[in-house]
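All remarks here apply to the structure that follows.
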Amino acid sequence: MDGLQISLPDKPALEGLEAKWMARWDAEGTYRFDRDHARAEVFSIDTPPPTVSGSLHVGHVFSFTHTDVIARFQRMRGKVVFYPMGWDDNGLPTERRVQNYYGVRCDPSLPYDPSFQPPEKPGKHPISISRPNFIELCARLTVEDEQAFEALWRHLGLSVDWSRTYATIGKKAQKVSQTAFLRLLERGIAYQLEAPTLWDVDFRSAVAQAELEDREQDAAYHRIKFARTNGPAVEIETTRPELIPACVALVAHPDDERYQPLFGSEVYSPLFQVPVPVKAHALADPEKGSGIAMICTFGDLTDVTWWRELSLPVRAIVMPNGAFRAVTWDSPGWESRDAAHAQAAYDHLANLSAVKARVRIVELLRDSGDLVGEPRPIKHLVKFYEKGDRPLEIITSRQWFIKTMEFRGALLERGKQLRWHPEYMRHRYENWVNGLAGDWCISRQRFFGVPFPVWYPVHADGSTDHAHPIVPDESRLPIDPSTDVPDGYTHAQRNQPNGFVGDPDVMDTWATSSLTPQIAGDWLDDPDLFARVFPMDLRPQAHDIIRTWLFSTVLRSHLEHDSLPWANAAISGWVLDPDRKKMSKSKGNVVTPMALLEEHGSDGVRYWATSARPGTDTAFEPGQMKVGRRLAIKLLNAAKFALMQAEPRGPIIEPLDRGMLTSLSSLVKDATEKLESYDYAWVLTQTESFFWSFCDDYLELVKSRRYGDFTPQGAASANSAMLVALSTLLRLFAPYLPFVTEEVWSWWREGSVHRAPWPTPEEVVAEIGGADVNADPVFVVTKDALRAVRRVKALHKRAIKTPATAVLEKVRFEKMQPAMRDFQAAAHIRSLSFGDVQELELTFLDDSPA
RNA sequence: GGGCGCGUGGCUCAGCGGUAGAGCAUUCGCUUCACACGCGAGGGGUCGGUGGUUCGAUUCCACCCGCGCCCACCA
């Protein structure tokens, strides 16, 4: 640090630091990834791509800051940090937004129109456009969002390499997604099946188990009679009487003596008079309702199990849009012993939604006398698609699946190999894997997503041959089967007999997001890069998407690379509002992040975010941001003090200085270990605590000496010690408060603090020729004595500068002997002796009595 | 029903087998030459409850109560 060039502002301030340093970091490529390094030298991060068709909220700022602290720490430790940023623009939220914004609807049967331009304002009637046109509009709209997001992230100070961004709907992501899919298809791990599937009737799409949520709904138990030819009617209870026409059997527990005589016999459904068998199955619960249940195709997932295991027929009545379809009674599969009555009753239900059909059928059942008593209202949990408005139905359709059930053991093993921060989050993953109910349905009947890269031959009779999909060569990917043509066919053959048809579906958004390491690492187009970053070091994410994003990424990496996708998963919590509820847009309690950054400063907001323990849900607290802002201001001022008179400098010989630095070196040691294990909050707290004591105790104690009141050697020791401490503290704070630390660093050091090496305990003690265990107590005891003087003076309402004489307890007196002059000057003690006193006694030398 | 987390001063949270901590808020005092966006000091808690282990428990164990989240085949 010889020949320091120091340039101090007159009045340091935080205002404007974000703009100044954002621009500088960008211009100088401070955070650029340098790819010329081997895997061992790289620290790679699989960043969560935020959904761009919403807006960023405080929760994003919170968790992304945690990741940034780790990225900055690793960079300073000497790692080459691979820190890309993705945008999740793929999927339903964008689709909905584009429909409303431009007034368009996607019609995948239409051909691409290269000259299409959307109207200035959305018209009354939506314009139908092709899937490629629709996707172009999605891309156009999301670009604007992405720019706004990037601006916010830069303002927050994320040390992302902005030349490495990706979008989940981008060409690269589509290529990765389609290639990985085709490889799974070839290995038989991806397959399609016509089967009962969870279905959202508003989105008219299949959904996956991972996208379900339970919501409490009002419902009612209806006790319903099923007639028998010889004997009293059987009474069942159901919350969904409208599904009686879809009933295919009754079921009771095999050990249930009440119903054992009925097993194997037939009963007749009310109104429709359909003969259905009475079956036995262990899943039937004798305690529930009347102990005997009706099986419908399909009321819930248990029905699916029963239907499959008891080999029952299908009588499906709910159409993909949720309405009851028309049924001709006495046609095959719809046999009734009174078809005329069945038809008359059912005609009341056709084309109704489930809710309306329920009301109607209860009237019919009451009239026919098949309803026993009145419905008993209950509240119960019903499965919903997490983005949906109506309960899910189960509808039979052709869908694509990725096998997961047979890999459950391997996936549990992967979960054990992964290092979780905090450790207990592992349970959520294991819980989820253990609870998997079926393979992963990845197809969605939507448009803005990655298409399945397959076509099907069309037979001469016009029927589609789903069993023999036509796949493109990987070199053609990405493709859109709705516009691209399979090799060996012509455009004219689309949808024609002896021609082909494109798969109409798109992949679930997680089917693409589960490949973010491959997308960000440029798996296919830049295998050299991929080898330098994969498997990645860190996946940061929130705990609510362990079952989706984390799980599916582990699965895909296991299948494709036979490895974990990353070594560590750092799980962050949520931001809660003061009522302990998750902050979310729908609850209307979200503060816009940019306003927060402007009000409290990015460093202030980051301080709040990084004060939270990893994984912990945290209260939104502007008070903490103010504290962080004050800390940043204090840094400016303390640094100004240390630098305003940095001469003379020389060997650090004073025990007080050596003690302070010895203590700092042990902070550095602990901080490094804690950050290695992702405990960033602890490091911030401890560094902050050291820093305040450094300001309030150490700087006050050495003030007089450094101003030259004693010897030049003493001043030199203090000045040098202050600069070592400042340099060290700035680097410890740099990951947390990147703007203020960079500002202060720039006053007296070359280059960016964010490229400076992380401090080491060895480096600190080298400045004093090795750790000085004798000096440490000098610092501690002297600072305690200073505090004791302050306490006594405050107790007697004296200003700190009131002169006094002091008597100190003997041991203390001896221990702080080497720092006595500093102490007397700081505490304004004229003369000092030791004696038989508790701690210390003062005699004030002003007029008033002590 | 199963799992996980949490319950510490008015608030937000640390901590931890050995006589309770921080910040905010509050009260009192200080125009101290880095900082009034400042400085110093004080008051304030039987660490959810009950048992157990221990010389000693807020800290370990068991059970219970409360809050939150995740999961479950919720007729």
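These numbers come from the heavy atoms of this one structure, side chains and all, not from hydrogens, waters or symmetry mates.
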Across the strands shown, which category fits A/L381 at heavy-atom distances under 4.0 angstrom: base, sugar-phosphate, nothing? base
With sugar-phosphate taken as primed atoms, P, OP1 and OP2 and all else as base, the protein-contact string of nucleotides 35-40 of chain B at under 4.0 Å (heavy atoms; B, S, -) is BSBSSS
For a quick check of understanding: with a heavy-atom distance under 4.0 Å over all strands, which category does A/T239 fall into, base, sugar-phosphate or nothing? sugar-phosphate
4.5 Å side-chain heavy-atom contact, A/D822 and A/F710: yes
Would you indicate whether A/R830, at its atom CZ, is surrounded by more than 12 heavy atoms from other residues, nucleotides or ligands within a distance under 6.0 Å? no
Using a heavy-atom cut-off of 4.0 Å across all strands, would you classify A/C296 as base, sugar-phosphate, or nothing? nothing
Under 4.0 angstrom, heavy atoms only, what part of the nucleic acid is A/D300 near: base, sugar-phosphate, or nothing? sugar-phosphate
Just to be sure I understand the rule, does A/K626 reach a base, reach only the sugar-phosphate, or reach nothing, if contact means heavy atoms closer than 4.0 Å? nothing
Are A/E15 and A/R629 within salt-bridge range, i.e. N to O under 4.0 Å? yes
Just checking A/E309: base, sugar-phosphate only, or nothing, at a heavy-atom cut-off of under 4.0 Å? nothing
Taking the same atom, P, in B/C73 and in B/G66, what whole-Å distance lies between them? 26 Å
With both distances kept under 3.5 Å, what pairs with B/C39, Watson-Crick or G-U wobble? B/G29
With respect to A/F298, which candidate in A/W199, A/W306, A/W307 satisfies the side-chain contact (heavy atoms from CB on, under 4.5 Å) definition? A/W307
Applying a 4.0 Å non-hydrogen cut-off, can you work out what A/R613 is touching in the nucleic acid: base, sugar-phosphate, or nothing? sugar-phosphate
Check the phosphate of B/G21 against A/Q686, side-chain N and O only, distance under 4.0 Å to OP1 or OP2. Yes or no? no
Step through the shown structure and confirm whether more than 12 heavy atoms of other residues, nucleotides or ligands are within 6.0 Å of CD on A/Q824. yes
Who is the Watson-Crick or G-U wobble partner of B/G45, with both distances under 3.5 Å? none
Atom NZ of A/K797 and atom P of B/G42 are separated, to the nearest Å, by 12 Å
Partners meeting salt bridge (charged side-chain N to carboxylate O under 4.0 Å, His left out) with A/R630 (sequence neighbours left out): none
Base partner of B/G51, which must satisfy Watson-Crick or wobble distances under 3.5 Å: B/C61
Tell me what A/A219 touches on the nucleic acid: a base, only sugar-phosphate, or nothing, going by heavy atoms under 4.0 Å. nothing
